[in-house]
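Shown next, in structure tokens, is the structure this report addresses.
Indexing begins at 1, ligand by ligand and atom by atom, following the structure's order. For the numbers below, each heavy atom of this structure counts, side chains included, while hydrogens, waters and symmetry mates do not. If you're wondering where the values come from, they're calculated on a predicted model, not measured in any experiment.
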Amino acid sequence: MKGTFRLLKYDNIPVFIHWSFGLIFVWVFYNGYKHSLGWDQIIFLSALLLALFACVTLHEFGHALMAKRFGINTKDIVLSPIGGIARLDSIPSDPSQEFKIAIAGPMVNVGIAAVLSPYFLFFPFSNFMVFFGKINFDYQPSLLEIFIPGLIGMNLILAVFNMLPAFPMDGGRVFRALLSTKLSRLLATRIATIVGQIFAVAITFYGFYNGNIITAFVGIFIFVAASQEFRHVKFESKIAKYKVRDLIRYEYSTFLPSATLMEVKEKLNHGLENRFLVIDEENILRGVIHEEFILDKDHIDKLDSAIEPMISENFTYLSQDDNLNDVYKLMTTQGFYLLPVKENEKIIGVIDSKMLNDFLHKLK
Ligand SMILES: [Zn+2]
């Protein structure tokens, strides 16, 4: 993503941070100057914010690792001043899976708060209230002493805020998942989007009214994200009406693994296809040879060599009854460009990404 740099990587999920994240510290220093805070207070606030964003990161990993249990990968996690986003490859259409993935994030924050709560066995509970501006005159805790209660408070706020039924925030996803058990996914999404946008407007006004620009931005962001996601679901429900049999191409060229690169190049230059199935003498599909490999400048002196080492073994079989939405997801998440369609153990045709994209484009 533009304007971000990589912070760390866990379980193959990279965490990126957006440059605007630095603005948080500008904000801390500005306020420190404005309210003539001491260095100790400025360091305290900065440390608390860093700890908060560590908790946001853990929250996002909650979503990502739960998604992984359902076989859904996460491209990355991006942190910005308005929060974190785990970019999942797809959102499951099974309501119970969506429910579990959505609730896993806020549960991480509840868990962190619970783990930190033994603090109150050693310190007075009034330290917690200091964080909310309630001063206890009998006992003045030090900054260090209110760090943990501050973190507990912020984790609880994070959990509650994310559980607002403001789709596509976590609470909104939970809400949609619950609706989807009774209604169609499209209708459930429509209702969740309307409720989400009402909340988004309320959050935006609340933010502006209280002079809290970040909150106002979060509201605007939710509003836009809700309508985007609704459009996406509407689009998906449109594609899902079509099956592989509606798009399958019966005519396709194949090559033997022993064919030379030159032969394949000829076919590429003088035909309409740009990727080919490679099938061996025993009639077994070995893989696909892609345009990128055929035209690769490094292969220019290999025109007389067999294509065997250039075959990509990254493919899977489709059946005529697979719906096109699943094929689209497969192609976009697994990097497939040409897929064979099998019926009764025989390849009867293919679907390639260009055909599919053209088809979807007409549908939009
Ligand atoms: Zn979340």
Side-chain angles (χ1 to χ4, degrees), residues 1 4 7-8 10-11 13-18 21 24 49-70 72-115 151-180 188-189 192-193 195-197 199-200 202-203 207 214-215 217-230 232-233:
M1 244 179 128
T4 61
L7 207 59
L8 55 99
Y10 174 77
D11 207 3
I13 303 166
V15 178
F16 289 95
I17 190 160
H18 194 257
F21 197 80
I24 289 186
L49 279 170
L50 281 180
L52 172 68
F53 270 87
C55 295
V56 168
T57 309
L58 291 174
H59 169 117
E60 298 308 328
F61 270 108
H63 294 306
L65 297 180
M66 182 61 82
K68 199 166 188 177
R69 290 176 58 169
F70 303 121
I72 297 166
N73 285 322
T74 301
K75 256 192 283 306
D76 53 27
I77 290 172
V78 182
L79 298 174
S80 77
I82 62 165
I85 292 181
R87 296 198 300 161
L88 307 190
D89 274 347
S90 64
I91 307 284
S93 38
D94 174 352
S96 87
Q97 291 185 0
E98 176 171 42
F99 180 89
K100 287 176 191 158
I101 294 171
I103 210 158
M107 282 301 127
V108 168
N109 299 111
V110 172
I112 295 170
V115 166
L151 210 49
I152 292 175
M154 289 197 300
N155 271 287
L156 292 178
I157 291 172
L158 265 183
V160 170
F161 184 71
N162 276 290
M163 282 308 286
L164 288 178
F167 185 78
M169 288 207 325
D170 301 337
R173 289 195 185 283
V174 166
F175 180 48
R176 174 176 68 178
L178 293 176
L179 289 174
S180 306
T189 309
T193 302
V195 174
Q197 290 188 324
F199 266 95
I203 292 168
I214 291 187
T215 309
F217 267 117
V218 169
I220 294 169
F221 175 77
I222 294 169
F223 192 93
V224 175
S227 52
Q228 271 179 352
E229 186 136 347
F230 176 67
H232 184 70
V233 171

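Judged as a ring-ring contact (aromatic ring centres under 6.0 Å, His included), and not counting sequence neighbours, the contacts of Y10 are F61. In terms of the salt bridge (Lys or Arg N to Asp or Glu O under 4.0 Å) criterion, residue partners of K68 (sequence neighbours excluded) are, by chain and number, D11.
The pair E60-R87 does not meet the salt-bridge criterion, since no charged nitrogen lies less than 4.0 angstrom from a carboxylate oxygen.
Ordered by chain and number, H59 NE2, H63 NE2, D170 OD1, D170 OD2 make up the set of protein N, O or S atoms under 2.8 Å of the Zn ion (ligand 1).
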Between L164 and I203, is a side chain to side chain contact (heavy atoms under 4.5 Å, CB included) present by the stated rule, with each step listed? CA-CA 10 Å; L164 288 178; I203 292 168; 4.1 Å; yes
Donor-acceptor contacts under 3.5 Å from residues 50-58 side chains, at least two apart:
from: T57; atom 1: OG1; to: F53; atom 2: O; distance (Å): 2.7

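Shown here for M66 and K100, the closest heavy-atom pair between the two residues is CG-O, 3.6 Å.
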